[in-house]
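Written below as structure tokens is the structure these notes are about.
As the structure is a prediction and not an experimental result, all values here were calculated from the model. All chains are named by letter (A, B, ...) in the order of the sequence lines, taking the proteins before the strands, and each is independently numbered beginning at 1. When reading the values below, keep in mind they use all heavy atoms of this one structure, side chains included, and skip hydrogens, waters and symmetry mates.
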Number of protein chains: 2
Amino acid sequence: MGELPLTLEGEGRQRILAAAEKLFSDKAFDAVSMNAIALQAGISKANIYHYFPNKDALYLAVLRAASRNLQKLLNDAVDAHGTVVEVLRHFARCHLQALLDRPELVRLVWREILEKGAPRAREFAEQGFADVFSALVAVLESGQARGELRADFAPALVATLMLGANVFFFQSRDILRHYPAVGFADDPAGYDAGIVEILLRGLIPESSADTVRA
Amino acid sequence: MGELPLTLEGEGRQRILAAAEKLFSDKAFDAVSMNAIALQAGISKANIYHYFPNKDALYLAVLRAASRNLQKLLNDAVDAHGTVVEVLRHFARCHLQALLDRPELVRLVWREILEKGAPRAREFAEQGFADVFSALVAVLESGQARGELRADFAPALVATLMLGANVFFFQSRDILRHYPAVGFADDPAGYDAGIVEILLRGLIPESSADTVRA
DNA sequence: GTCTATATGTCGATAGAC
DNA sequence: GTCTATCGACATATAGAC
């Protein structure tokens with residue numbers, strides 16, 4: 001009804017995305033009706049179809065918006081720091097913080113990955129986190145090229161390990177909190193400092209690795 | 001109907017658990033009716049209530065059964081190997097294999113963690129994976145006490161990192177597969193070998209860590 | 001606003017093992 | 001004869017259709 005008559009170009013689109021993000025975070029894809037999204041956004045259903053061709057496209061748009069956030073985080077980290085090690089430390093902390101700041105959004109993404117199997121995952125991989133992942137891999141590779149990091153590991157593997165450590169922490173926090181041995185459940189910064197420290201000590205070229213071999 | 005008249009003590013209970021596991025893996029808790037479970041198990045609904053007081057208890061029983069599997073894996077690893085490093089290597093590999101062998105079960109567990117927030121997570125933490133997690137922490141602690149592992153890290157943190165690396169690999173496989181830099185999506189053994197290697201080089205006391213400090 | 005469908009959980013009866 | 005696994009039918013709450 002008679003809201004502010006803003007003619008800002010992306011305003012309507014933005015409202016729809018926000019509404020869709022909220023509803024898709026709460027319930028599964030099939031359980032969210034376009035009508036409900038329109039209601040949440042305070043607009044008409046037909047209006048949604050003005051901006052997005054169908055429900056699927058809207059859904060993917062929400063996912064894409066989420067990944068752009070991460071991309072920006074990594075770019076900022078690269079710009080702000082000199083050494084690769086510093087970039088990694090900074091990015092890990094910011095990444096986890098980003099997850100914790102918008103838990104609904106993360107749950108939305110992971111529901112997508114867990115529920116539907118391969119079909120949607122492919123689209124998501126291409127449109128979504130591919131850029132972030134590749135960028136992180138590139139950072140690690142440049143670290144290897146510069147000699148800052150050991151050259152005998154697969155960069156993609158370490159990228160997986162880093163992202164995974166944060167995602168797992170985010171996902172399991174409520175459970176970990178109940179274990180007496182866990183002191184970091186409410187200290188994400190401390191957690192990240194710890195895991196990055198462990199990772200780095202394994203990544204720097206100077207460490208003597210011969211004694212590990214059994 | 002005229003099935004085999006087995007009077008094996010836990011036979012009926014087992015059938016119910018298997019049916020519940022399958023259905024809960026496919027759909028969410030609320031979307032699975034006791035009737036459907038009874039149908040899947042080939043018995044009557046009333047019969048389920050003979051073994052389990054209510055739907056909640058049945059659900060928790062399924063989760064508990066899943067965690068007992070992991071517990072056994074770790075115990076076997078501890079019994080079969082001498083050094084802590086060998087135990088960790090072996091457990092990591094078996095753990096990931098266990099996840100990949102029963103993907104439906106893993107999805108069930110993670111749906112539980114992601115969907116419902118704190119309330120169920122607590123019960124699950126107490127009844128479910130607490131034992132496994134604590135046992136893994138104990139292994140790491142004994143490694144520290146024996147001098148096999150560095151003493152300046154939190155064992156629970158490394159346990160989280162290890163379990164998380166496997167869980168994240170399992171969860172993201174379909175997506176990782178599409179990234180050109182990832183060569184390990186279809187090689188879980190190689191993945192685990194890689195991440196354990198990275199972790200260990202960071203955990204052994206001999207590595208020189210001073211150069212990391214910025 | 002009523003009606004229908006479906007959900008959880010209960011009750012009393014039955015059939016067979018020992 | 002008792003005990004236990006099992007069943008069909010029932011009570012009750014609730015969500016959605018129209």
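Closest to the Tyr51(B) side chain, of the nucleotides dC11(C), dT6(D), dA7(C), is dT6(D). The Ala46(B) side chain lies nearest to dT10(C) when the options are dT6(D), dA7(C), dT10(C). Of the candidates dT4(D), dG9(C), dC7(D), dG9(C) carries the atom nearest the Lys45(B) side chain, counting heavy atoms from C-beta on.
OP1 and OP2 of dT6(D) both lie 4.0 Å or more from every side-chain N or O belonging to His50(B). Contact annotation: Asn47(B) side-chain N/O to dC7(D) OP1/OP2 distance is under 4.0 Å.
Among the protein residues, Ser33(B) comes within range of the sugar-phosphate backbone only, with heavy atoms under 4.0 Å from sugar or phosphate atoms but none that close to a base.
Gln14(B) places its CD atom 16 Å from the C1' atom of dA5(D), with the value rounded to the nearest Å. Here the C1' atom of nucleotide dC7(D) and the CD1 atom of Ile48(B) are 13 Å apart, to the nearest Å. Distance, Phe52(B) CZ to dT10(C) P: 15 Å, rounded to whole Å. For the pair Met34(B) CE and dA11(D) P, the interatomic distance rounds to 20 Å; values are reported in whole Å. The distance between atom OH of Tyr49(B) and atom P of dA7(C), rounded to the nearest whole Å, is 12 Å. For the pair Ile37(B) CD1 and dT6(C) C1', the interatomic distance rounds to 15 Å; values are reported in whole Å. Note: CG (Asn35(A)) to P (dG16(D)) measures 14 Å, nearest angstrom. Atom-to-atom, CZ of Arg15(B) to C1' of dC7(D) comes out at 15 Å; the value is rounded to the nearest Å.
Contact of the Phe169(B) side chain with the Ile195(B) side chain is not registered, since no non-hydrogen atoms from C-beta on lie closer than 4.5 Å.
A ring-centre distance under 6.0 Å is not found for Phe168(B) and Trp110(B).
Taking CE from Met34(A) and NZ from Lys45(A), the interatomic distance works out to 8.0 Å, rounded to the nearest 0.5 Å. Atom-to-atom distance recorded for Leu73(B):CG and His90(B):NE2 is 7.5 Å, nearest 0.5 angstrom. The line from CG of Leu17(A) to OH of Tyr51(A) is 10.5 Å long, rounded to the nearest 0.5 Å.
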